[in-house]
Every structure is written in structure tokens, then in C-alpha cells.
Amino acid sequence: EDEANLEERPPVITIMGHVDHGKTSLLDRIRTSKVADKEAGGITQHVGAYQVEKNGKKITFVDTPGHEAFTEMRSRGAQATDIVIIVVAADDGVMPQTKEAISHTKAAGVPLIVAINKMDKESANPDNVKAQLSEIGVMAADWGGEYEFVPVSAHTGMGIDDLLETILLQAEVMELKANPNRKAKAVVVESSLEKGFGPVANVIIKNGTLHVGDNVIVGKTYGRIKAIKLDDGSNAKEIGPSTPAAIVGLNEVPGAGDELIVMDTDKEVRELAEKRAEYDRAKALSKSTKASLDDLSALIAEGQLKSLPVIIKADVQGSLEAIKGSLEKLRNEEVKVNIIHEGVGGVTESDLTLADASEHSVVLGFNVRPTGAVKKKAKELGIEIRTYTIIYDLLDDVKALLGGLMS
Ligand code: GDP
Ligand code: MG
């Protein structure tokens, strides 16, 4: 990209965290501060994301997708998020989905800010949250770590300004830029069929400017943009980088996570859509191509794989720590184990989504078994789940894998 064409763009934020820790409330509170800023009477259109302004700078918030959807978007190469806010309730502390959300965020390489929510509660204990998070590698900046923690209350509005300012500071460091003068690229965050409109895609512009009349393709769907609706319900003729909007004009409902691109003519988008449909049909005929453990060990033996991503699930914290400790020590000269997620409890669909997003990853279960639904999904995705009841068996398998000797 030509440096001269690049301009600063607003950061795109996703809020994740454990259920009931206040993600929706926080999004609503931030949005309300915006509605209050606007003249009365503005209706808020649901476009899957919205923008607020702080100190003359815009920030885009995506409706919280859940960390599975977040990673699924990433595995399709359609990452829209620049910064993740991890919400932790001050009275409840770190919970399983908090850890999952952090693992998904780190695996995506996206910076995170912690919002300690529900500070208005008598039982709020922010130091406990800091201590718990420091144990899993998220150390607060005021404790000497590298992560910003902001105490907030979605109920009273306390700390919301701080949170927005912290986001803007982080965004400044990241120097987020885009070129408004090129053809648009966008990512679909939600989609639906709407009465009177037909297929509607809620998108966030990643680069360029999208105009009414543009010929677009989104996955296998295509069309000419008929209308662009903004989050305040108004219509726009064109929108630039990081702007969220609902677009009308596609022939079918696209998938969330699909990427939108603009092409010169309607013939081009139609032909590309047909090619993609053809490709999918061909792929469906061939078998799943994910690597089995044997393939993995071959890749390692050939020196093509330098780090083995693993997800470990165990029945109790004690065994988890023991396995982790041993795995971290395990390495041959070239390959090391990279633990992308660990947790106490059974193998979940969220684990599979995470495994699927990293190439050549392995899911290791200790004294836990996947449910039928999880097994089925693993099979569909071509992910191998290995379960063990003896730690040495688990370590032996991984050792053999690293040695490229596994059979
Ligand atoms: P989500 O599941 O993470 O989206 O959480 P919600 O936003 O739905 O909130 C879960 C519950 O916590 C609801 O009953 C909220 O009213 C409550 N809640 C959310 N934020 C706060 C807060 O700052 N203070 C208090 N006291 N309660 C909150
Ligand atoms: Mg919610």
C-alpha cells in the first residue's frame, strides 16, 4: 500500500468474557453515552456494531460475538477486531469463559484490555481479579505487567470514560491506518433476511470506501449495493474504513465472517461467485484434508513444523499443572510445544474452534472425555482429540510426535 494514501482509521473493538459478567450491559452503556450525545429523536438501527466518539476520535464496537464466533471469523481470515476488551465481574473473578476468551484473543495476536466490571457492588474485589489474571499471564500494568486494567460499572457509568481513553491510547500505539481511496474490503459480522429488504449484511469496512452502486462479492453471494444503512438509522452514499453499516443488494444471505470485496463489473462478481461455488462442490467431494497425528509427525520429521500447538483439558487443576510443566520442558532441538489453551473440564466446541483456527494443532484430554456432539464436530473438522488416563502416556505420545517418530 502506498504510504501517502494511508490515513488513520478508528479502532474496532470486541468485548468478550464470561457469561453474565456484563458484556451486553457495557455495550449498552457505551452506546447510551452516544445516544445522549446525539440530538433527540435519533433511532438506533441494529447494524451489528456501532461507533462512538471520544475526544473527537471514533471507536467502533462490534456486538459481542462470543469467542467461538470470534475465532471462527479468524479462521476464515476475516479478523475485524483490533483490540479485545475482556470483561471480568469484580465480584465473581476469573471464570472458565474468561480464560477461554483470553486464549482466543492471544491466539489471534490481538491486544487486550481488561475491564473490571460491577465495581458498584459491595462485594467487588478488583485486586482478586488482578491476582487471578496475573496467574494466567495477564499482569496489570500497575502491578508491573503489560496489560491495562480499567475498573468500570456498566450500571453507574463509572470508569467508562477511562475505558474509552485507554482504548484510544492503545489504538494510537498501534497506528491503525487504511486507504480510503481504494476499493472497499469489508467483513460481515452478522447477516439476515429482512422483510422488504431481502438479504442484509452487517459489515465493518476494513479498508477503502464502499459506495452505493458498487459491485460486490461476499463468499458465494454477490450483487450491487442498493443501500447503506448506518447505526443511527440514516442512509449513507459511501462509508470509509472501520465504519459499521448494514448493506442491502446481495442476491443471498452471506455467512458471518465472510469477506466482502468490490469488483469493477457485475459480470466479474458473478463469475467469481460461480467459481467459488464450483470450488466448494469439488472440495465437498474430496475428504477432509486436516493433518492426522501421523501427518503431523511427518511434518515435524521433515522440519516443516517448528512449533506444535496443543490444547490441554484436564479433570483437575493439579494434573493440568503437572502436564503443562512437563510439556513446557519437552522439546527436541527444533520443535517446541506451544500451549494455545488450557483448562479444567471436558473438551468443548470452543476448544475445537480454537484448534481449527491453528494449523496442525492437537487436543489432549486428561481424565476427561468429549461428549458425542463434540466428537462429531471434531470429526467434521478433522481434528484429532487424544484422551489419556495416565500422564506418562500423554507425555510419551507428545515426545514421540516431537521426535517425528510417532506411528
Ligand atoms: P453478559 O452475559 O456478559 O452480556 O452480561 P449482562 O450484560 O447480560 O449482565 C448480566 C447481569 O449482570 C445483569 O443482571 C446485569 O444487570 C448485571 N450487571 C451488568 N453490569 C453490571 C454492573 O456494572 N453492576 C451491577 N451491579 N450489575 C451489573
Ligand atoms: Mg450478553
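Keep in mind that this is a model prediction, so the values were computed, not measured. Just so you know, residue 1 is the first one in the sequence shown, and it goes up from there.
Side chains of S103 and L354 form a contact here, defined as non-hydrogen atoms less than 4.5 Å apart. Residues I86 and Y147 fail the side-chain proximity criterion, which asks for heavy atoms closer than 4.5 Å. Looking at heavy atoms from C-beta onward, I311 lies out of side-chain contact with L352 at the 4.5 angstrom threshold. The shortest side-chain heavy-atom distance between T71 and D356 does not fall under the 4.5 Å cut-off. Contact of the V310 side chain with the V398 side chain is not registered, since no non-hydrogen atoms from C-beta on lie closer than 4.5 Å. Counting heavy atoms from C-beta on, the side chains of M174 and P111 come closer than 4.5 Å. Counting heavy atoms from C-beta outward, Y222 and L272 have side chains that stay 4.5 Å or more apart. For the pair Y50/I30, a side-chain contact is recorded, criterion being any heavy-atom separation below 4.5 Å from C-beta on.
Of all heavy-atom pairs spanning M139 and G144, the tightest one is CG-C, 4.2 Å. Minimum heavy-atom separation, T209 to G240: OG1-CA, 4.1 Å. For the residue pair S191 and P254, the shortest heavy atom distance occurs at OG-O, 2.6 Å. Listed here is the closest heavy atom pair of E190 and G48: OE2-CA, 3.8 Å. In plain terms, the two heavy atoms of V368 and G346 that are nearest each other are CB-CA, 4.0 Å. In this structure, N128 and G93 approach most closely via the heavy-atom pair ND2-CA, 4.5 Å.
No donor-acceptor distance shorter than 3.5 angstrom exists from the side chain of N207 to the backbone of K185, with no hydrogens or angles considered. Using modelled atom types, one side-chain atom of Q51 and one backbone atom of S242 make a donor-acceptor pair closer than 3.5 Å. Using a distance-only test at 3.5 Å, with no hydrogens or angles considered, a donor-acceptor pair links the side chain of S361 to the main chain of A355. Here the side chain of R276 pairs a donor or acceptor atom with the backbone of G219 at under 3.5 angstrom. Under the 3.5 Å distance criterion, the side-chain polar atoms of K23 are matched with a main-chain donor or acceptor of G17. Side-chain atoms of D232 come within 3.5 Å of backbone N or O of S234 as a donor-acceptor pair. Side-chain atoms of S153 come within 3.5 Å of backbone atoms of H155 as a donor-acceptor pair (strictly under, hydrogens ignored).
Atom CD of E8 has 12 or fewer neighbouring heavy atoms from other residues, nucleotides or ligands inside a 6.0 Å radius. The environment of NZ in K58 is sparse: at most 12 heavy-atom neighbours from other residues, nucleotides or ligands sit within 6.0 Å.
For the atom pair CG of N125 and CD1 of I116, the computed distance is 9.5 Å after rounding to the nearest 0.5 Å. Put simply, OG1 on T105 and CD1 on I85 are 10.0 Å apart, with the number rounded to the nearest 0.5 Å. Between the CD1 atom of I15 and the OG1 atom of T24 there is a distance of 9.0 Å, given to the nearest 0.5 Å. Rounded to the nearest 0.5 angstrom, L210 CG and K237 NZ are separated by 14.0 Å.
We find that D142 and K130 are joined by a salt bridge, their nearest charged nitrogen and carboxylate oxygen being less than 4.0 Å apart. Salt-bridge check for K183 with D264: passed, with a basic side-chain N closer than 4.0 Å to an acidic carboxylate O. A salt bridge does not link E172 with K57: none of the charged nitrogens is closer than 4.0 Å to a carboxylate oxygen. A salt bridge between D82 and R9 is present, with a side-chain N of the basic residue lying under 4.0 Å from a carboxylate O of the acidic one.
With 3.5 Å as the limit, one finds a donor-acceptor pair spanning the side chains of E100 and S350. Under the 3.5 Å distance criterion, with hydrogens and angles disregarded, a donor-acceptor pair is assigned to the side chains of T348 and D351. With 3.5 Å as the limit, one finds no donor-acceptor pair spanning the side chains of N117 and H21.
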For this session: Would you please test E238 and I228 for side-chain contact (heavy atoms from CB on, under 4.5 Å) and show each step?
Result: CA-CA 7 Å; E238 54 175 49; I228 299 175; 5.5 Å; no
Problem set entry | Candidate pair L327 and K324, rule side-chain contact (heavy atoms from CB on, under 4.5 Å), full reasoning | CA-CA 5 Å; L327 282 182; K324 215 179 104 184; 5.8 Å; no
For this session: Decide salt bridge (charged side-chain N to carboxylate O under 4.0 Å, His left out) for D258 and K220; before the verdict, give the C-alpha distance in whole Å, the side-chain angles of both, and the deciding distance to 0.1 Å.
Result: CA-CA 9 Å; D258 279 349; K220 280 167 286 175; over 6 Å; no
Exercise. Would D63 and R31 satisfy salt bridge (charged side-chain N to carboxylate O under 4.0 Å, His left out), going step by step from the backbone distance to the final call?
Worked result: CA-CA 11 Å; D63 280 357; R31 194 196 311 247; 3.6 Å; yes
For this session: Kindly indicate, with the supporting measurements, whether the criterion side-chain contact (heavy atoms from CB on, under 4.5 Å) is fulfilled by I113 and I13.
Result: CA-CA 10 Å; I113 294 169; I13 312 298; over 6 Å; no
Problem set entry | side-chain contact (heavy atoms from CB on, under 4.5 Å) assessment of N5 paired with R182 | CA-CA 9 Å; N5 288 320; R182 52 164 285 165; over 6 Å; no
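Taking the six-membered ring where the residue is Trp, the centroids of F366 and Y388 are separated by 6.0 Å or more.
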